[in-house]
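Below, read A as the first sequence line, B as the second, and so on, with proteins coming before strands; counting in each chain starts at 1. Small disclaimer: the values here were computed from a predicted structure and weren't measured.
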Amino acid sequence: MIECANILLVDDQPVNLDALEAVLEAPHYRIVRAQTAEQALLAVLREEFAAIVLDIKMPGTDGLELAAMIKGRKRTQHVPILFLTAHMLDETDILKGYGTGAVDYLTKPVTPQILRSKIAVFVDLFRKTRALGRVNAVLKEEISGRERAQDELRQANDALESRVRERTADLTVLNEALRQSQQQLAAAVAAGNIATYRWDAVARTRHYEKGTAGPSGLPDVSGTGHDAGDFLRTIDPLDRDSVETALRRCFESGADIDLEYRMVLPGGSTRWLLDRGRAIRDEAGAIVRITGAIADITERKLAERALREHSERLDVAVAERTAALKRSHERLRQAERLASVGTLAAGLGHDMSNLLLPIRARIEALADSGIGDAAMEDVAAIREAASYLQRLSAGLRLLAVDPEIAADADLGPTELASWWNEVEGVYRAVLPRGVRLEGACPQGVPPAAISASRLTQAVFNLVQNAGEALASSGDRAVQGTIFMRARVVDAADALRDRKDRGAGSRPGYHAVREPRRALAVTVSDNGPGMTPEVASRCFDPYFSTKVREVSTGLGLAMVRAWIEGAGGSVSLQTAPGQGTHFTLVLPVATDALREPAPCGSIPRAAVTLDDPRTAAFICAFAPASSISISEWEGENTPNADLWIVGGAAATQERIAAFLAHGPARRAMVLVDGRGGKQAVIGGAGVSDDSRVRVLGRRPPVAELRTALLDLLRDAPAVSASAT
Amino acid sequence: MEPNPKPAISVLLMDDNVILAESMPRFLRRDPCFSWAGWVEDATTLIERVSERSPSIVLMDVDIPGVDTFELVRELSKHCPRSKVVMFSGHVRQDYAEAAIDAGAHGYLHKDDDLPSLLANLKRVDAGEIVLSPLVRQTLWRR
């Protein structure tokens, strides 16, 4: 689309304006007329013109003045002005004074074609200028965009340069380090152990270059040379073949020498050398010599060997550690298994107790309610069943106790007959279908010095293993049976090695052992038995076999640890086809409570306390600790080994008087406050030694228990006071 | 029959086992020395009920879900000192028995105890003694 161009015609004569307009009339021109300079100025202020046609001669402000004003304004200074003059010669100089190519003139009378063509040129110029302006604006926009981009680029560049500077600084440091390292390398080379040599291909003699350092003691560095035979004789026999081969190949086909070998120096020492050599040919291609260098790499070789040895030791250590971890993992697995069995047993036992109590209560109520004899028989049967369940619950409870914690200080006595009565139901419950369990525990067998729970768990393992062996043997012809037998054996034979294991001196062990007799609890099965190889390893903590699934039990290693922990021993007799027979030999305990020794080994305690609750509590607990409570008959009472005293009776004098009646006498004083203790201890022959314990007036039970047991443990001669 | 000169020993049971709670009164009443003071299932109403009925003995289960029963024994001894607490447990545990006594209980009995010995022990508690289940005495405090 063609842009419409404004053309301003200025003439004081309307006729002239009409004429001009008629000449310039064109579709894309818009003609604006002005008859005075003022009108013309207003017009150029209002709009933009492509050209102005101006009559010079006008009244008032004439054309020249108007032109000067238009040219003086910045916005209009480039608008081309076409003057119309009457006399060409008069005006030329004036026009020159404006000095712009955008001003032209025409003399009157105007030739229409010239006017039209001049105006057309101006309009064209105007349009091009406008187009140029638009292009210019676009360009300017582009330029400013580029400038922004450039600015960003410059900033990026700055950042990059800064990083380059940092990197350069780093590199400089590294370079310096490298330079130093190279210097050190050069120094190392200079310091030694590198020598250059040449072989003469014709004479087959070897020469070391003078002035190069070589391995200390290198033969013939002086340069006189020696032949191949001499040379090879200096090579360690182990490496001689490979050196000879490399040398021959280099001489014959020009193959490079690159190998490590040992050289025996004249002094007798052996050095490791790295040898790199290259064949040099003449113009005809014949090999004339070999040049090369040797470096003493003995230190490196030694370091490599040390490293290798270290690595091997590390491998061994890692293997050992792995094995240890495996063992400890196995122990953990077994402990977890034990814990899960224990948790199950504890939960079952607890729930059974909770339900059995109401059943038992109802049975007794029923029995009392005057039912007939026939119904009483039923009641008796139910009572029997409930009693069996109660034993089962007790057996489960024994299985539930963690033997690592609870049974450690508990070494029985355990009555084997009643123990078996409680546990056999639990054992039967874990056996595979069709496997029988029989027990024989004669009455009168003395009690064993082991905690019932530990014994339960040990035999549980053996019974469970036996059950699995019988189930897996698949021999339907034989009734799978497990026998448990307890009997008395000769302790001298059975527990010979007891002292070696140090179990007899365990702290907390106070059951009196019979020195002559021991108990043997044998768990046998008529299953497939074990091969000698399996039998010899079945006590290993992580031993397992497909022949007999030993590891599916809780671990024979733990069984052995528990039994030996109680001062006993475990032995095994087995052979393929002969069944498996484990024998647990256990020390006999003399249950002091059940069978009081004639000399009165039960300590007798008299209680004189002002706190009835503590007194009642001591009386309740004392029998469990094999302490009998005797009447207080004064300080010289003959029937007390221990006086538990508090309140007003706890005076220095009275306690001293009590203790004075025998060196084995002990006193436990329950008084409040430090003043109380001071009042009792420290005078009148009472010293704060092992014979006296002072506790608070109402001590916590655990504290009382510890003090009481300590006091009696420190009094081995307690029974002497009674004699 | 000569009338019992002493008032009956009233027993209140706290246990979440309904079957036990329903069986106990009938069983206890067989012995004329005892009377039944009722049953609470959990700790929320215990102190209120004990204050209200003033039983001679509170037989308290050790395992009440969400309740520190040893702390409850302490509370009860403080608020209702005339009622003696006996803990009634399915556990043979030295630490429980000792904690019960330390908390102020007058006994620690086991649910597997023989019924005659259970009754005898409750009578001894009423007489001022501190009692332990034979099961506990059998295994604990052994020298």
Side-chain angles (χ1 to χ4, degrees), chain A residues 346 349-366 368-369 390 393-394 397-398 400-401 406 409-413 451-453 508 510-511 592-593 603 612-627 698-702 704-705 708-709 712-713, chain B residues 15-31 61-63 77 88-95 97-116 118-119 121 124-125 127-132 134-143:
Chain A
H350 186 260
D351 286 356
M352 281 171 73
S353 298
N354 260 329
L355 283 173
L356 275 169
L357 179 60
I359 292 172
R360 285 154 56 216
R362 295 275 181 170
I363 293 170
E364 298 316 315
L366 190 62
D368 276 1
S369 62
Q390 220 181 338
S393 151
R397 219 163 33 232
L398 288 175
V401 177
D410 177 10
L411 289 169
S451 94
S453 58
H510 286 277
L593 183 63
R613 201 184 139 71
T614 307
F617 158 72
I618 288 171
C619 293
F621 270 69
S625 305
S626 304
I627 299 166
R698 283 181 80 161
V701 176
L704 189 60
R705 162 170 51 86
L708 192 62
L709 298 184
L712 293 173
R713 180 173 303 149
Chain B
D15 201 309
D16 57 349
N17 180 353
V18 184
I19 304 172
L20 175 65
E22 286 172 349
S23 311
M24 282 302 278
R26 185 147 178 226
F27 164 69
L28 273 179
R29 285 197 196 108
R30 287 169 62 230
D31 188 326
D61 188 13
V62 170
D63 298 305
S77 316
F88 201 29
S89 170
H91 304 279
V92 180
R93 284 182 61 165
Q94 171 158 316
D95 51 346
E98 294 186 346
I101 305 301
D102 281 340
H106 284 70
Y108 184 90
L109 298 178
H110 197 277
K111 289 179 177 173
D112 274 356
D113 286 351
D114 281 344
L115 295 173
L118 182 67
L119 296 182
N121 274 327
R124 289 166 64 186
V125 167
E129 290 186 37
I130 287 178
V131 297
L132 295 169
L135 290 173
V136 178
R137 277 171 54 167
Q138 180 187 316
T139 50
L140 309 181
W141 271 54
R142 185 173 294 140
R143 285 193 301 135

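Both the backbone and the side chain of B:D112 have a heavy atom closer than 4.5 Å to some heavy atom of chain A. For B:D61, no part lies near chain A; criterion is any non-hydrogen pair under 4.5 Å. Heavy atoms of A:D368 lying under 4.5 Å from chain B belong exclusively to its side chain. With a 4.5 Å cut-off on non-hydrogen atoms, A:R698 does not touch chain B at all.
Your options are B:L28, B:D113, B:V131, and the one with the most heavy-atom pairs under 4.5 Å with chain A is B:D113. With chain A as partner, the option from B:I19, B:L115, B:L118 having the largest number of non-hydrogen pairs under 4.5 angstrom is B:L115. Chain B forms the most heavy-atom pairs under 4.5 Å with one residue out of A:R613, A:Q390, A:E364, and that residue is A:R613.
The shortest side-chain heavy-atom distance between A:H350 and B:D63 falls under the 4.5 Å cut-off. Under the 4.5 Å side-chain criterion, counting only non-hydrogen atoms from C-beta, A:M352 is not in contact with B:K111. Residues B:H91 and B:Y108 are in side-chain contact: their nearest non-hydrogen atoms beyond the backbone lie under 4.5 Å apart.
Closest approach of B:S77 and B:A103 over heavy atoms only: OG-O, 3.9 Å.
The main-chain N or O of B:G90 is found under 3.5 Å from a side-chain atom of B:H110 such that the two form a donor-acceptor pair. Between the side chain of B:N17 and the backbone N or O of A:N354 there is at least one donor-acceptor pair closer than 3.5 Å.
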